Amino acid sequence: MAERINVMQPWLDEAETQALAAVVASGWVAQGPKVAEFEQAFAEAMEAPEAVAVSNCTTALHLALVVAGIGPDDEVVVPSFSFIATTNAVRYVGATPVFADVDPLTGNVTADTVAGVLTPRTRAVIAVDQGGIPVDIDAIRAVTDQLRIVVIEDAACGAGSTYKGRPVGAGAELTAWSFHPRKILTTGEGGMLTTKNPEWAARARRLREHAMSVSAAERHKSILPLAEVYDEVGFNFRMTDLQAAVGIVQLAKLPDIVARRREIAERYRAAIDGIPGLRAVADPEYGESSFQSFWVEVGEEYPTDREGLLEALAHADISARRGIMAAHRQPPYRDLTPKNGLPVTEHLTDTTLILPVFHQFTDEQQDRVIAVLRNPGGASA
Ligand SMILES: *Cc1c(COP(=O)(O)O)cnc(C)c1O
């Protein structure tokens, strides 16, 4: 029996272990100096003036909506074609998610799909870099800026991807990032909110820490206990120094991670180009993907359908995944399905699957995957 191939594996080694040991030895394990150091390094890497570390990307999205002033009377445009957290965040602030369809090539919302669902109540758009493919943020902002609609980028999968030569996220007013192990960089669980707006950043910093007027770090510096005030209802969305120490090591690996993932994607694409009925995701002309998810669409010409290909891969001990979900098909959001449906979203959700890509993936392992793609009936024949 061949060794099992996972769809994703984080790239963790001795460097992360040592960074963790140093934090343990320091005695300061909750949010403190390492979180501040990680924020600074991340802000620099993503060309963002401000970075606020939080517990995960879902809480980053939630905070983004809060600091942008989105509330119960507001509509927020989101792709249904995304992990459900994108839509859930809108509900956390009491606003109404409005689903926009996506482009069939990128899987991302576009200026046209967003423009088609705007109403006088639209106050924000969450544009996702789906699977790492950069969203065309300038085109969307050309439509929304004049209407004073806030654009939030969900770059959960976007670390290492570029848009017009700059890191993704730099063109949005607020950008949310994930460090879940399924993403490009990991801190176990973790997230970041970046923004150019210093007031929003300052408010997010307070809100993540119960809206305390005195941070834990400030309190620690002062022997005499400082009196603190809680000006509004805050949250506990803090990252720990244990996580941040891992994040600093991971961030230094980002160029290597992206280079290797793009090499793997290129190799897949070269093979898939010659297989009738399969179409592989590709870079859009305005940017480069880190290929957090490398997906293929299974067309009519292919000898089996998406489910058949998933089974063939499983039979060869290769773990793949169904493509990106469609939030509007899930029970909390079914009643928000637009009248004419979301045809591209539904098509991509039903016909795509995600192939293994991870830093340690070997050419031999990839050849095993490619062999199944070429001959999905081979295993049972
Ligand atoms: C993974 C993901 C999230 C949620 O990230 P967490 O860090 O797990 O909260 C949100 N949006 C998108 C597009 C994602 O892929």
Side-chain angles (χ1 to χ4, degrees), residues 7-8 10 38 42 46 51-66 76-93 97 99-100 102-103 106-109 124-135 137 140 151-161 163 168-169 172 174-194 204 208 235-240 243-244 246-247 250-251 261 281 289-295 321-328 330 332-333 345 348-349 352 354 357-358:
V7 72
M8 175 62 169
F38 183 35
F42 194 81
M46 300 308 150
V52 181
V54 288
S55 47
N56 54 64
C57 181
T58 308
T59 53
L61 288 168
H62 185 170
L63 276 187
L65 291 161
V66 173
V76 179
V77 176
V78 294
S80 165
F81 190 67
S82 182
F83 183 59
I84 199 162
T86 310
T87 305
N88 285 344
V90 177
R91 282 286 208 223
Y92 300 157
V93 297
F99 293 122
V102 293
D103 176 81
T106 63
N108 289 331
V109 293
V125 174
I126 304 181
V128 179
D129 301 298
Q130 193 48 257
I133 301 289
V135 64
I137 204 85
I140 292 169
V151 176
I152 297 166
E153 194 161 335
D154 179 345
C157 310
S161 297
Y163 177 71
V168 295
L174 291 146
T175 302
W177 309 81
S178 175
F179 308 124
H180 183 273
R182 180 71 185 82
K183 311 302 162 95
I184 295 283
L185 303 174
T186 190
T187 59
E189 294 274 1
M192 196 73 81
L193 179 64
T194 53
R208 76 170 161 188
F235 307 93
N236 180 355
F237 287 167
R238 283 179 297 224
M239 178 184 272
T240 67
Q243 292 166 306
V246 173
Q250 287 271 297
L251 186 61
R261 294 184 79 88
V281 66
S289 179
S290 58
F291 293 108
Q292 182 270 342
S293 286
F294 187 87
W295 51 263
R321 291 282 179 271
R322 283 186 189 83
I324 312 302
M325 65 176 294
H328 73 281
Q330 297 304 314
Y333 301 116
T345 296
L348 290 177
T349 296
T352 57
I354 295 167
V357 179
F358 50 91

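Both counts, for ligands and for their atoms, begin at 1 and track the order of listing. Everything quoted here is computed from the prediction, not taken from an experiment.
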Next on the checklist: Taking ring pair (Phe, Tyr, Trp, His ring centres under 6.0 Å) as the definition, give me every residue that meets it alongside Tyr92, ordered by chain and number, with sequence neighbours left out.
Outcome noted: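 Counting only residues at least two positions away or on another chain, Tyr92 forms a ring pair (Phe, Tyr, Trp, His ring centres under 6.0 Å) with His62.
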
Checklist entry - Residues in ring pair (Phe, Tyr, Trp, His ring centres under 6.0 Å) with Phe179, at least two apart? => result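 Ring pair (Phe, Tyr, Trp, His ring centres under 6.0 Å) list for Phe179, sorted by chain: Phe38, Phe42.
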
Checklist entry - Can you list the residues that meet the salt bridge (Lys or Arg N to Asp or Glu O under 4.0 Å) rule with Arg238, with sequence neighbours excluded? => result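 Arg238 satisfies salt bridge (Lys or Arg N to Asp or Glu O under 4.0 Å) with Glu209 only.
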
Checklist entry - Can you check whether Val246's main-chain N or O pairs, donor with acceptor, with Thr187's side chain at less than 3.5 Å? => result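 Not a single qualifying donor-acceptor pair exists.
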
Checklist entry - Are the side chain of Glu189 and the backbone of Ser55 linked by a donor-acceptor contact shorter than 3.5 Å? => result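 Not a single qualifying donor-acceptor pair exists.
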
Next on the checklist: List the protein residues in contact with ligand 1, where contact means a heavy-atom separation under 4.0 angstrom.
Outcome noted: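 Ligand 1 pocket, heavy atoms under 4.0 Å: Asn56, Cys57, Thr58, Ser82, Phe83, Ala85, Thr86, Val128, Asp154, Ala156, Cys157, Ser178, Lys183, Gly190.
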
Checklist entry - Any chance the side chains of Asp129 and Ser161 put a donor and an acceptor closer than 3.5 Å? => result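 There is no such pair between these side chains.
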
